[in-house]
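Here the structure is laid out as structure tokens; the discussion comes afterwards.
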Amino acid sequence: MNFVETMKSVELVLAAGQVPLLIGETGIGKTSLAHKLAMKKDWSLVTIDGNLLKEGEIGGLPTVDSFARQMDDGTMATEKVTVYAIHYKLKKIADELAAGHTVLLFIDEINRCEHAVQQELMNLILNREINGFTLGNDVHIVAAMNPTNSYDYQTVEMDVAQQNRFVWLQMEPDYMQWLDWAADVKLEPMVMEFISTYPEYLHKMNEDDIYATPRSYERVSALYAMYKENPEAIGKDVFFNVIRGNVGKVIAQEFVSFVAADHDPLITFDDVFSGDTLADSVVARLQQEGHTRLYLTAKNLMRHMELRAHQLFVDETTAQGLMTRFMEFMKHYPEDLQMAVMKDIRNNFPKFYGEAIKSDDFVNTFFDLQRSL
């Protein structure tokens, strides 16, 4: 499943009072999904990394306390009892609950910890209790792990009974959704265009080299942003080496060559909507663009219209004028890409779509394309 499908699945599983287990390669977005879910639900997120725990840590180290007990003869005796100091992550859960918050407990790397640690985590997940500390009803649990057959590191397999207590959700990369996310968080357009051109590089297992993951390209974007400001001072060799340290040698060579190529900037909102008519220069640029750059341009326009809908669609006349210009621009796109863009507007840009369906040009073009494709 892709990110969106996995998110919806997790919400359904949690609503049913069950525990989802996310399975996906490192860097694919499991942690990001937990953050996004907590933000969406307005829950407090507490994360436990199983691979960082040592035996006895999450269960709490034993301490000795004293208590008084009345004997049969009526005398009082002092006895000793073992109690457990709770882990600071469990205290954080207790503090959040005391503050009236619902908690999302995200337990990651559940198959990369010691066997004893895994048993402690299983007790917390499946029984919602460990050494006297009980999770309240307002704690929702999501667990995650990497596939056991993907890496050389040692993993601890769950037994069949433990496996049967989870809802297993396989998470896979989807470069189209990654591009949407990358635009939202303002990654460098050059990095987005590179992945659009080479989608197979978004999650690439390089033999005997660094693996490229979606997370890698966040770092690549930050490095490229610094490099483009002063390429002479940093130098191409240094730039190559730091990119190689994120995605491996082969992809680094491709990316550096991609950056070095003579790329014109993408067509912008101002390019399309400035002036009384669509500029001939914009039409000429459209005719030179490939599918990838046309798609990215359309995504940027759609996102601009959606985010600034309250500023752009101030009245009916202005709104329809913008739609007329947008549709004039879109008619220079290949028909299959026109249809993809219009479906994207319908599915993902509600404010923009609310104005689009008022446009006869938009509606008629949509149905014309459905008949012809």
Between Asp315 and Thr318, do the side chains contain an N or O donor and an N or O acceptor separated by less than 3.5 Å?
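Their side chains do contain a donor-acceptor pair, which is all the 3.5 Å distance test asks for.
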Flag the pair [X] / [Y] as yes when their ring centroid distance falls below 6.0 Å, and as no otherwise.
X	Y	answer
Phe273	Phe269	yes
Trp43	His101	no
Tyr198	Tyr201	yes

Using a strict 4.0 Å threshold on nitrogen-to-oxygen distance, state whether [X] and [Y] make a salt bridge.
X	Y	answer
Arg244	Asp237	no
Lys299	Asp344	yes
Glu306	Arg303	no

What class does the angle between the rings of Phe255 and Phe194 fall in, given that below 30° is parallel, 30 to 60° is tilted and above 60° is perpendicular?
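Judged by the thresholds at 30° and 60°, the geometry between Phe255 and Phe194 is perpendicular.
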For the residue pair Phe362 and Phe366, does the interplanar ring angle fall in the parallel (under 30°), tilted (30 to 60°) or perpendicular (over 60°) class?
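Aromatic pair Phe362/Phe366 classed parallel.
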Do the non-hydrogen side-chain atoms of Arg293 and Leu266 ever get within less than 4.5 Å of each other?
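The answer is yes; the side chains approach within 4.5 Å.
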Any donor-acceptor pair under 3.5 Å from Glu193 side chain to Met190 backbone
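No; zero donor-acceptor contacts below 3.5 Å.
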Asn230 atom CG, neighbour heavy-atom count above 12 within 6.0 Å:
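Enclosed: over 12 neighbouring heavy atoms sit under 6.0 Å from CG of Asn230.
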Closest contact, heavy atoms only, Gln118 versus Asn111
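Gln118 and Asn111 have their closest heavy atoms at NE2-CA, 3.9 Å.
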The criterion is salt bridge (charged side-chain N to carboxylate O under 4.0 Å, His left out); which residues satisfy it with Lys41, sequence neighbours excluded?
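For Lys41, the residues satisfying salt bridge (charged side-chain N to carboxylate O under 4.0 Å, His left out) (neighbours in sequence not counted) are Glu11.
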